[in-house]
Amino acid sequence: MLSKEKKEEITGKILKSETFKNAPTSIAILRYLVQANIEERDLKEGIIDIEFFGGKSDIDKSNPRVRVNIYNLRNKLSKYYNSEGVNDLWQIKIDKGQYDLRFEKNNKNIKKTTKRKYKQALPYTLLAFTICTFLVLQLPHSPPSIWKGFFKNKHATNLFIGDAFGYGGITISGLRGWTRDFSINSLDEYYDMLEEKPELKLTTSPTDYFYSTRMAENATHDLARFFTKWNKDFEIKYATQTSFADIKKGNTIYAGRLKDEKNFIYLFNEANPHFKIEGRTLNFSNHPTIKDTSLTIGSFETELDYTVVSRMPGPNDTEQFLFFSDHDIGVMATVEFFTNKDSLKSFTKKHLEDKPYFTAIFKAKGKERINLNLETIMVVPF
């Protein structure tokens with residue numbers, strides 16, 4: 001059995017590697033998991049969310065940000081052991097679907113370096129050169145231009161999930177529970193409601209509970225897979241608990257509802273030269289070649305969803321990518337579209353005209369909250 005000191009030595013070598021050099025989140029969560037292993041503690045999603053991320057969720061609740069970050073860490077460990085750590089005697093393993101790590105002895109034969117004469121080494125050198133050339137040709141040359149700023153600048157990236165406000169109290173069933181009222185989307189609106197209906201002061205109260213729909217899980221999955229391809233990761237945060245100070249710190253991706261996400265609508269309106277969102281209306285004006293127009297982007301139909309996607313510059317040389325829709329299928333469809341290599345290439349060639357930023361409006365049609373068709377309504381590069 002490995003001692004605490006040996007486990008810390010093995011971990012320290014990994015954390016100093018080139019593979020983990022620019023991955024602060026993976027470094028921090030690996031330290032956390034190793035400490036839990038040393039203390040012989042069993043881990044669950046909810047425990048990690050509370051202890052590591054500072055969340056307030058139930059221990060048994062599903063936590064997509066935990067799964068994404070463990071997925072990223074598992075990939076980084078795999079990359080490390082396939083390169084710098086290929087000859088390490090001990091390896092750290094995290095099995096799929098698990099959160100406890102283990103230390104496993106590397107039983108593969110470790111190649112010993114021996115001196116060979118030039119003529120003996122030449123065939124092996126040529127073979128290695130051929131293999132390396134083949135591998136290099138298989139690698140993507142550079143990230144898609146739409147995403148390049150996220151992968152090339154010095155800032156970390158945050159994915160802000162659009163979650164919804166609710167309050168506690170007596171529900172329609174007569175029992176205590178959590179109420180989602182579509183007309184109440186913040187603490188200020190909740191207290192305004194109490195002024196209008198003072199009788200609710202005795203039966204309701206604010207809570208720390210929020211919820212997100214399946215668009216959050218799908219968007220997180222697609223973005224995590226896409227970022228991993230380029231050896232990058234991101235933090236997951238919730239929009240209702242986000243301030244402009246949080247947004248200012250790094251690159252921003254927002255995936256969520258259009259309604260009442262005031263911080264992100266403010267960012268959209270500030271960065272777009274021609275578009276402005278006002279309520280459920282998207283106004284377009286002052287373009288040199290396209291006439292002014294207004295579009296109603298809200299929809300009460302769950303099988304039809306209008307989506308606004310905007311790639312914009314952010315504060316302090318950061319980058320922003322915003323995905324707005326009223327229902328699940330719009331954000332799900334467009335995030336999938338903008339993390340697909342072929343659709344990115346086609347969209348860039350057809351619409352961007354070598355310009356780095358754009359705003360686009362899409363119409364998604366679906367059934368049972370599943371996207372079946374995505375139609376481009378309007379794209380304006382800038």
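For the residue pair Asn75 / Ser78, no side-chain donor-acceptor distance below 3.5 Å is found, with atom types taken as modelled. Counted by atom type alone, Tyr306 and Thr296 present zero donor-acceptor pairs between their side chains at under 3.5 Å. Side-chain polar atoms of Asn283 and Ser294 form a donor-acceptor pair below 3.5 angstrom. No hydrogens or angles considered: a donor-acceptor pair under 3.5 Å links the side chains of His287 and Thr289. Between the side chains of Asn158 and Thr252, no donor N or O sits under 3.5 Å from an acceptor N or O. Counting only N and O atoms by type, the side chains of Asn69 and Thr25 include no donor and acceptor under 3.5 Å apart. With no hydrogens or angles considered, a side-chain donor-acceptor pair links Lys93 and Gln91 at under 3.5 Å. Side chains of Lys76 and Asn231: a donor on one and an acceptor on the other come within 3.5 Å. A donor-acceptor contact under 3.5 angstrom links the side chains of Tyr80 and Asp88, judged on distance only. Under the 3.5 Å distance criterion, with hydrogens and angles disregarded, a donor-acceptor pair is assigned to the side chains of Asn272 and Thr359.
Counting non-hydrogen atoms of other residues, nucleotides and ligands closer than 6.0 Å to CG of Asp181 gives a total above 12. Shown here is Asp354, whose CG atom has no more than 12 heavy atoms of other residues, nucleotides or ligands within 6.0 Å.
Here Phe244 and Tyr266 bring their ring centres to under 6.0 angstrom of each other. Separation of the Tyr254 and Phe160 ring centroids does not fall under the 6.0 Å cut-off.
Looking at Tyr357, Phe264, Phe338, Phe226 one by one, the single match for ring pair (Phe, Tyr, Trp, His ring centres under 6.0 Å) with Phe321 turns out to be Phe338. When each of Lys152, His155, Lys148, Arg311 is tested with Glu319 by the rule side-chain hydrogen bond (donor to acceptor under 3.5 Å, both in side chains), just one qualifies, namely Arg311.
Checked against side-chain hydrogen bond (donor to acceptor under 3.5 Å, both in side chains), Thr348 has no partners two or more places apart in sequence or in another chain.
A salt bridge between Lys13 and Glu84 is absent, with no side-chain N of the basic residue lying under 4.0 Å from a carboxylate O of the acidic one. Between Glu9 and Lys6, at least one side-chain nitrogen of the basic residue sits less than 4.0 Å from a carboxylate oxygen of the acidic one, meeting the salt-bridge criterion. No salt bridge links Lys44 with Asp49; every basic N to acidic carboxylate O contact stays at or beyond 4.0 Å. Classification of Glu45 and Arg67 as a salt-bridged pair holds, one side-chain N sitting under 4.0 Å from a carboxylate O.
Connection of Ile170 to Tyr167 is not established within any shared hydrophobic cluster, with ILVMFWY side chains joined at heavy-atom distances below 4.5 Å, either directly or through further cluster members.
Ring pair Phe284/Phe275 is tilted by interplanar angle, where 30° to 60° counts as tilted. Aromatic ring pairs are classed by plane angle as parallel below 30°, tilted from 30° to 60° and perpendicular above 60°; the pair Phe268 and Phe324 is perpendicular.
Applying the salt bridge (charged side-chain N to carboxylate O under 4.0 Å, His left out) test to residues at least two apart or on different chains, the pairs with a partner in residues 25-42 are Glu39-Arg41, Arg41-Glu51.
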| said: For Ser325 and Asp305: C-alpha separation, side-chain torsions, deciding distance, then whether side-chain hydrogen bond (donor to acceptor under 3.5 Å, both in side chains) applies. | reply: CA-CA 7 Å; Ser325 70; Asp305 203 7; 3.2 Å; yes
